[in-house]
Structure formats: structure tokens, C-alpha cells
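This report concerns only the one structure given below.
Naming: A, B, ... by sequence-line order, numbering from 1 per chain.
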Protein chains: 2
Amino acid sequence: MENSCELCIYRSYLFDNLNKKEFANLTLTKTELDFKKGEIICREGEKILHFLYLKQGLLKIYKTVGNRREQIVGITKPKDFIGLLSSFSEKEHLYSISALEDSSICIIEMESIKRIVRENGDFALDLLGKMSKLNSQILGSRLTINLKNLRGRTAYIILMFKDIYHSLKFEIPVSRKEIGELIEMRTENVIRILSELRKDKIIKIEGKSFEIIDLHRLEQIAEFG
Amino acid sequence: MENSCELCIYRSYLFDNLNKKEFANLTLTKTELDFKKGEIICREGEKILHFLYLKQGLLKIYKTVGNRREQIVGITKPKDFIGLLSSFSEKEHLYSISALEDSSICIIEMESIKRIVRENGDFALDLLGKMSKLNSQILGSRLTINLKNLRGRTAYIILMFKDIYHSLKFEIPVSRKEIGELIEMRTENVIRILSELRKDKIIKIEGKSFEIIDLHRLEQIAEFG
DNA sequence: CGCGGCTTTGATGTTCATCAAGTAAAGTGG
DNA sequence: CCACTTTACTTGATGAACATCAAAGCCGCG
């Protein structure tokens, strides 16, 4: 695992606007942490002390509601800021975050980031844009999901994984139960509809191995379901 | 209508971090516009050219989906930035906005705001925070609504109007149909459940006049419904 | 080996959307 | 200002979509 920020493949994505000195100062306070699949990165209600950045892996952002039900708010892909949803406005995390796959996370003191925002206008503007984008995406996906019926939601989530893995064939990193939490369905219905899609020869599934056979029809279902 | 930014009651809320010169430059490009109830401020897909700020009134942010159904994303109260959800990341408005009440909106060139973000770090940081807050609120309310049954949603929206008007008695600015769009219910069910709540002596309603009789029970319903 | 969690299928029940139909209110044009 | 049209509001009846319940097989793990 390459641990130098200088050489990080994402350096230019987020920190392109920083000069040498700013960048050096930033890396001083930076830590990189690895989390195993299933581990919890932070819990709803904990103090926000760090700015979190997903270098590698996949995370879920979720909320525990009432009696041990979980509602997944979104999935974080590499290059996403984690918890950015609220880092600049809240004192405590609004959502919990855990690793769906083994993941590497870069951790920077919140104060360091704030200092750079104050000192470097281009960085500030860029960060505003990225944050705005992430929020739009998450809100948009929630609105979209709620308009669809169960078949449409299921197709939507399969297509989402296709986009994450850039392939028609992939291993999903989540259980059927977690799929349900992501798209607001009961586990039983997730399974039922996956079976239907299999019988209709739209997908192949075996455990967590998924393969999309008829992409066009799947997209139709996601669109009009 | 007082048109000077110097004297605006909200000046300190948003522009407290600006020095005299910055503030003067900003006000040069500023316009204030009045919209009548029902008028459309912007449409989904239009170019974002301005930074919009709600001075007075009430707006709805919504999306037209498929065959002339509307989905309301949120309600904007005075002091909220409008369309801030996406101003810094998108070229076009993601949502349409219209006036629920007669409203005054301050319009500032997007470029002016961006310049200040670049030049004034404290302003940038403050804006990041406010934007983050607004996004959290909107996302939170969507998540909350989707967990509730129809009774719970109806109670929730009544309580929201209570908070907007700071009173147990108010005139709602929306039709039954619009309430439905706000909380993802059919118009008929909105009416049915409002009638139930009336029969249960929890609220009094007559047309658009609402009065909360039993606040405690209403809160219970909103919480556990 | 047995326990608990995940997966699967079928049967049953509830909630809510849809359909239908009628009244009231509000805008429109002659 | 009144007939006319349209839009909002209201209630009841029906059906579809989805949640819940139940039961059984499977797998990993202590």
C-alpha cells in the first residue's frame, strides 16, 4: 500500500489547487487507516474530528432507526469524501459508516482542512462544488428510488453495482438484507424479485455472483418500474 | 419594501464576514425581485446564472416526473439559499422552484459570489457550513418521511407548518394535492387522514385554516406513525 | 454438533393507490 | 353578472402491491 500523498493517484483530484507548502502541511496531519470488511468507521452521534476521504474500497453510510432496523443512506465509492454531508455544519456525525469491502481511508484533521479553505480560495470553491455534487447525487438517488416499484428498485441497484465495478459480471459486497436496506424493501421481496429476474433470463445469480444477461431489459425495468 | 442591503435584516446572517468593499461590490450586482403566489422562479434544466436568496415568503422546490406528476423536494424558508443544493456543482437547475406565498428574492450574479468565495476564506467556510446544513436537513426530512406511515407523515407535515408559522393556528399555503406531493401520498389519502385527525379531536380544520388542538398526541403520531 | 444468521418459498394480511362519483369553490368568457 | 368550465375537495368501494408471518434448508463458527 503506497502511503505517500505525493504519489497518491487521487492527489490531483482533490488537492490540485494546493501549493507545495499547503500540501506539505496537510500531509503532516494525515493518517491512512485500513478497515476490514464489516468494521465500523464511525458511529452516528460521535464527534466529527476528521475529514475522511475514501482511497480504496466501498463503504455504506447508514442510520439506525428504532429497534435495530438499519436504513442505508448511500454508498461511498473511492474518491468520495465520507461524511462530507455534514462535516462542515454538524458537530457530530449524522450517520454511521462501515466498510462493505476492505477499505483504506485517509484521515485529515478537520482543522487543517478548514485552515486551507480559509487560505486558498480555489480550493474552497472546488470543495464547494464537490460537496454540492455529492449531496445532489445522494438526494437524487433517494428521490429516484422512492418513485420506483420494487422491480424497478431492484434493477436500479443491480445497475448501480455494474457502474461501480465497470463490468456486467461482479460479486456484490452486500447481503440480500443490506440490498433491502439500500432500496427500502424487505429482504424477502429482494429475494423474490431477484428470482423473478433470473427466471426471466435478465440476470444470472449464484449467491453473491451476479451477471447481467439482458442489459437493455434491465435498464427498461429500472427506468419504468 | 426596503431595498437596501445595508439595512437588510438578514445582512448579518449571510454576509457578516465581508468587508466594506466586498459588500459594496456585491450589492452592485444584486437585484431584488418579487414573485406572486404561484409564480415560477426557475425551471428544472435552465442555466444557473444567479445565486438566489429568499428574503421573504415561502417557496417549493420540486421536480416534474413523467406524466405531469410533481414531486416536491423541499420547502424553502426565509434566509435559505435557494437551489444552493446544486449551484456550485451543476450548470443547470436540478429542480424547479415556485412561490407558495408572495415572496421576495435576492438575486446575485453567480460569478460575484464565486469571486468572494475565492477572496474571503471566512465567507467560504461559512458558506460551506450553511450549504452542508441545508443539504442535511433536506436529506434528513426525505429519509424521515419515508419511514413513516400515512398518518405519521400527515402529522409530520402539520408540525412542520407549525414551526414555520410559530403558532398552533395557521393558514396552510398549499392545497391538499400539494401536501400529498410533499409527503408522498395521494390527495385522497391526505384528505381522509386529515378528516380522521379532525374526528379524533387532534386538529381543527376548515379549508386551509388549521389549528392544532392536541399537540402532544400529534407529536406522538408523527413520531411513531 | 448445535446455534444463529442468511437465504429461499409459500401463505396471509394490511396498507395504500386507484377508481368512481358527487359537492363545493374558483376562474372564464359572453 | 350569470352560465359554464375547470379545479379543488370529499367519501366510499375495490384491488394491487407490498409487509408480515411461518417454515425449512443452508452455511459458517464457536
Item to check | Length of the CG-C1' vector between A:Leu194 and C:dT9, whole Å | outcome: 14 Å
Checklist entry - What is the distance, rounded to the nearest whole Å, between atom CD of A:Glu206 and atom C1' of C:dT8? => result 15 Å
Item to check | Nucleotide of C:dT8, D:dC9, C:dC6 approaching A:Ser175 most closely (side-chain heavy atoms) | outcome: C:dC6
Checklist entry - Roughly, in whole Å, what's the span from NZ in B:Lys208 to P in C:dA25? => result 13 Å
Checklist entry - Quick one: does B:Glu184 reach the base of C:dC16 with a side-chain donor-acceptor pair under 3.5 Å? => result no
Item to check | Euclidean distance, atom CG of residue B:Asn146 to atom C1' of C:dC16 [Å, nearest integer] | outcome: 14 Å
Item to check | Carboxylate-amine/guanidinium proximity below 4.0 Å for B:Arg151 and B:Asp200 | outcome: yes
Item to check | Pair B:Lys30 + B:Glu32: basic N to acidic O under 4.0 Å | outcome: yes
Next on the checklist: Any donor-acceptor pair, under 3.5 Å, between the side chain of B:Arg186 and the base of C:dT15, if you only look at N and O atoms?
Outcome noted: no
Next on the checklist: I want to confirm an ordering. Mapping B:Lys177 and B:Arg192 to their closest nucleotides on DNA chain D, which one lands closer to the 5' end?
Outcome noted: B:Lys177
Next on the checklist: Please report the distance, rounded to the nearest Å, between CD in A:Glu188 and P in C:dG10.
Outcome noted: 14 Å
Checklist entry - Given C:dT9, is OP1 or OP2 found less than 4.0 Å from the side-chain N or O atoms of A:Ser195? => result yes
Next on the checklist: Output the rounded distance in Å from CD1 (A:Ile191) to P (D:dC18).
Outcome noted: 16 Å
Item to check | Test item: A:Ser96 side-chain N/O and A:Lys63 main-chain N/O as donor-acceptor pair under 3.5 Å | outcome: no
Checklist entry - Taking the inter-plane angle between the rings of B:Phe81 and B:Tyr13 on a 0 to 90° scale, is it parallel (under 30°), tilted (30 to 60°) or perpendicular (over 60°)? => result parallel
Next on the checklist: Using whole Å, what does the distance between atom C1' of nucleotide C:dT7 and atom CZ of A:Arg198 come to?
Outcome noted: 12 Å
Checklist entry - Can you check the A:Leu150 CG to D:dA19 C1' distance for me, whole Å? => result 10 Å
Checklist entry - Counting distance only, does the side-chain N/O of A:Arg153 pair as donor-acceptor with the main-chain N or O of A:Lys148 below 3.5 Å? => result yes
Checklist entry - Within the pair A:Asn149 and D:dC18, is there a side-chain N or O less than 4.0 Å away from OP1 or OP2? => result no
